[in-house]
Amino acid sequence: MLCSMAIMLAVLWFGMLGYRDLVPTDEGRYAEIPREMVASGNWVTPHLDGLKYFEKPPLQYWATAVAYEVFGLGQWQARLWTGLTGFFTILLTGYTGWRVFGARTGLYAAAILASSLYWVAMGHINTLDMGVSAMLGGSLLSFLLAQRDAATPAQSRNWMWSCWAFMALALLSKGLIGPAFPGMTLVLYTLVTRDWGLWKRLRIVTGLLIFLAIGLPWHVLVQLRNPEFFDYYFIYQQFTRFLTPELARPGPWWYFFPILLLAVLPWVGGLFGGLRHAWKQPSGIEAPSANTVVTGRPGFKPNWALLIWTVFIFVFFSASHSKLPSYILPVFPALALMIGNHFAHAKRGALRWQFALYGFISLATAVGLTQLWRAGNAITPGSLYQQYGWWLEITAGLGIVGSALAWRWEKAGRRSAAVLALAICMFLGFTVASQGFQVLGRTASTKDVVAAIRPWLHAGQQFYVVGTYDQTLPFYLRRTVTVVEYQGELHFGITQQPQLWVPTLADFARRWQRDHLPLAFMPAGQLGALRAMHLPLQVIERTPRYVVVAKPGQDYGSAAQAAASRLSAAWNAPPTTQPTGAKP
């Protein structure tokens with residue numbers, strides 16, 4: 001039965017990767033950088049829109065570029081690394097729970113992680129956060145497996161080597177937090193437990209060799225090719241953004257508390273119980289089998305390691321001047337193990353109130369969603385929010401059903417059935433919610449815009465992006481663009497390669513006048529400024545967000561002229577709520 005459930009989980013997990021359009025900003029950015037790697041053949045120096053881009057290290061870029069090489073260019077390929085790492089961590093979390101705490105904890109921990117709102121959502125969004133969370137989680141879980149009291153010397157050695165390798169992969173995923181988080185957890189753990197002998201079991205010499213062999217070569221190569229790399233990547237990106245509010249991502253000290261309560265749904269009722277159980281029961285329960293060679297090092301406290309990991313990461317990002325909701329994702333494998341271990345040892349019937357709590361939350365959500373249409377605005381009308389609301393109503397309904405089943409089976413003493421019932425319902429529910437976001441995401445993506453202007457596209461033509469930079473546009477165009485009077489996160493690359501940028505509208509106007517078959521993409525509000533400059537412009541596509549213009553009087557081809565006639569007729573028709581072709 002468990003094997004069948006795992007197969008169904010895998011089918012749904014990976015089968016949904018390509019359903020939604022890519023949306024700005026992260027999804028477009030982390031799909032485009034690997035596309036440019038494949039197109040240029042340069043896998044050492046990352047580029048975004050043809051400009052040097054050193055904000056993040058390359059592991060996910062490489063993995064996605066390999067997916068493009070093997071499977072072709074597409075949306076599910078762009079999300080494949082995120083999906084693989086998220087799914088892998090579910091399996092490793094379950095295995096670690098089984099080996100360290102017992103079979104029931106392993107089962108519950110895997111089910112909890114696979115059905116947590118944040119893990120399901122972030123496992124299907126193309127960002128770096130899932131990849132680095134998987135690598136960090138791999139280092140933590142390998143450490144627990146290496147140091148458990150029942151591990152043989154060979155198992156301890158191999159899992160510690162795995163821990164070092166995962167730290168190096170985390171370094172290549174998102175920088176210095178790769179070794180910093182495991183390292184600080186180790187330091188704090190030994191300070192709390194006074195287990196100084198633990199340091200003798202870390203395989204430091206061979207582990208460092210593994211870490212350096214994996215993590216060092218790219219850093220050396222990219223520095224040799226780009227002397228400006230070290231200062232920007234290590235000083236600015238790794239330290240300045242943490243210590244200063246320069247990136248304008250502030251938040252109060254309690255910023256992550258409500259995010260955590262939402263992200264851990266439907267298991268919010270078990271969150272504090274899991275943390276309390278981890279503090280009161282620091283040691284694992286796995287007993288060595290008769291033929292196991294025990295290493296003679298009793299006393300390792302895996303629950304305290306999990307608790308310290310969670311608290312340190314939470315406090316670290318709470319203290320940072322740069323905050324984003326997804327930053328706390330690395331704590332979720334640890335939380336799943338602590339909650340799962342708490343569930344495995346709670347008294348019969350003790351979890352009923354937690355399942356009832358989530359049932360109430362689901363019921364209140366179902367009622368509140370009837371008013372979602374009020375969130376509409378000029379860009380995204382209320383009717384689209386209400387369409388998405390029906391998808392969310394399915395999620396809420398599954399929450400009510402799952403909570404009721406879990407409450408009933410918990411009362412009957414069938415805890416595994418209760419946990420799995422809620423987990424299955426909410427994995428399905430959150431999958432519906434995340435994929436249903438396509439209703440809104442389609443209005444933010446440029447996929448439909450590019451499809452509409454396809455007849456106007458020609459090899460070698462200039463394609464300008466004026467006053468903005470939509471991250472999804474180059475990916476769907478399958479080419480880079482020329483940015484006008486905008487820098488944003490391209491600022492560093494522009495300072496290194498200013499010839500690839502148009503700094504002012506006046507410069508753009510001169511280039512537009514002399515270009516052959518140019519196109520320009522811009523926010524809808526930008527069009528008036530260009531018309532005031534009396535530039536020859538022909539609108540070939542418009543949405544509530546964006547406008548695309550061509551240069552009239554030039555032969556873009558018969559297909560383009562036919563498309564222009566169709567669009568002209570559509571713009572004169574009554575307005576609709578479709579994301580493209582609607583007259584604002």
Side-chain angles (χ1 to χ4, degrees), residues 1-20 76 79 82-95 97 104-125 129-130 133-134 137 261-271 274 326 329 332-333 335-337 339-340 343 351 354-355 357-359 361-362 365-366 391-407 409-410 414-438:
M1 178 181 176
L2 291 178
C3 183
S4 299
M5 291 172 59
I7 293 173
M8 290 177 60
L9 172 66
V11 170
L12 287 172
W13 186 274
F14 292 105
M16 295 290 102
L17 289 176
Y19 176 73
R20 292 184 300 103
W76 71 266
R79 296 190 181 106
T82 295
L84 283 171
T85 52
F87 190 80
F88 163 79
T89 308
I90 293 170
L91 299 181
L92 185 59
T93 299
Y95 177 79
R104 286 213 302 170
T105 296
L107 174 64
Y108 295 169
I112 289 167
L113 188 60
S115 58
S116 294
L117 170 58
Y118 243 29
W119 204 261
V120 175
M122 297 304 295
H124 294 82
I125 299 174
D129 297 292
M130 180 55 77
S133 296
L261 295 177
L262 176 67
V264 79
L265 291 175
W267 311 105
V268 63
L271 176 61
S326 57
L329 194 65
F332 276 79
L335 286 176
L337 284 168
I339 296 172
F343 283 4
L351 305 183
Q354 299 178 22
F355 300 140
L357 172 64
Y358 188 67
I361 292 172
S362 298
T365 301
W391 290 80
L392 297 179
E393 292 285 8
I394 296 174
T395 303
L398 285 167
I400 294 170
V401 171
S403 299
L405 290 174
W407 186 90
W409 284 334
E410 170 69 10
R414 300 175 60 192
R415 176 158 300 162
S416 294
V419 172
L420 289 176
L422 184 56
I424 291 170
C425 283
M426 292 324 300
F427 169 70
L428 293 174
F430 292 143
T431 298
V432 167
S434 63
Q435 300 309 312
F437 184 76
Q438 170 69 357

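This one's a predicted model, so the numbers in the text were calculated from it and none came from an experiment.
Contact check for Leu271 versus Leu261: side-chain heavy atoms found under the 4.5 Å cut-off. Counting heavy atoms from C-beta on, the side chains of Ile424 and Ser115 never come closer than 4.5 Å. Side-chain contact between Ile112 and Phe343: present, with at least one pair of heavy atoms (C-beta onward) separated by less than 4.5 Å. The shortest side-chain heavy-atom distance between Val419 and Leu107 does not fall under the 4.5 Å cut-off. By the 4.5 Å heavy-atom criterion applied to side chains, Met5 and Leu9 are not counted as neighbours. Phe430 places a side-chain heavy atom less than 4.5 Å from the side chain of Leu265. In this structure, Thr431 and Val120 have side chains that are in contact, with non-hydrogen atoms separated by less than 4.5 Å.
Of all heavy-atom pairs between Trp13 and Gly83, the closest is NE1-O, 2.9 Å. Across every non-hydrogen atom of Thr93 and Ala336, the tightest pair is CG2-CB, 4.4 Å. Among all heavy-atom pairs drawn from Val264 and Ser116, the shortest one is O-OG, 4.3 Å. Residues Gly399 and Tyr358 share a closest heavy-atom pair of CA-CE2, 3.8 Å. Between Arg104 and Ser416, the shortest heavy-atom contact is CD-OG, 4.2 Å. Pairing each heavy atom of Met122 with each of Leu329, the nearest pair is CB-CD2, 3.9 Å.
Note: Thr395 OG1 to Ile400 CD1 = 11.0 Å, rounded to the nearest 0.5 Å. With rounding to the nearest 0.5 angstrom, the CD1 atom of Ile125 is 9.0 Å from the CE atom of Met130. Distance CH2/Trp409 to CG/Leu420: 9.5 Å, rounded to 0.5 Å. Taking CZ of Phe332 as the reference point, atom CG of Leu117 lies at 8.0 Å (rounded to 0.5 Å). Taking CG from Leu351 and CD1 from Ile339, the interatomic distance works out to 11.0 Å, rounded to the nearest 0.5 Å. Rounded to the nearest 0.5 Å, atoms CG (Leu12) and CG (Leu428) are 6.5 Å apart.
In terms of the salt bridge (Lys or Arg N to Asp or Glu O under 4.0 Å) criterion, residue partners of Arg415 (sequence neighbours excluded) are, by chain and number, Glu410.
Between the side chains of Ser326 and Tyr118, no donor-acceptor pair is found at a separation under 3.5 Å.
With hydrogens and angles disregarded, a donor-acceptor distance shorter than 3.5 Å links the side chain of Arg20 to the backbone of His124. No donor-acceptor distance shorter than 3.5 angstrom exists from the side chain of Trp391 to the backbone of Gln435, with no hydrogens or angles considered.
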Tyr108 vs Leu337, side-chain contact (heavy atoms from CB on, under 4.5 Å): CA-CA, chis, key distance, verdict: CA-CA 8 Å; Tyr108 295 169; Leu337 284 168; over 6 Å; no
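Aromatic ring orientation, Trp267 versus Phe355: perpendicular (interplanar angle above 60°, classes split at 30° and 60°).
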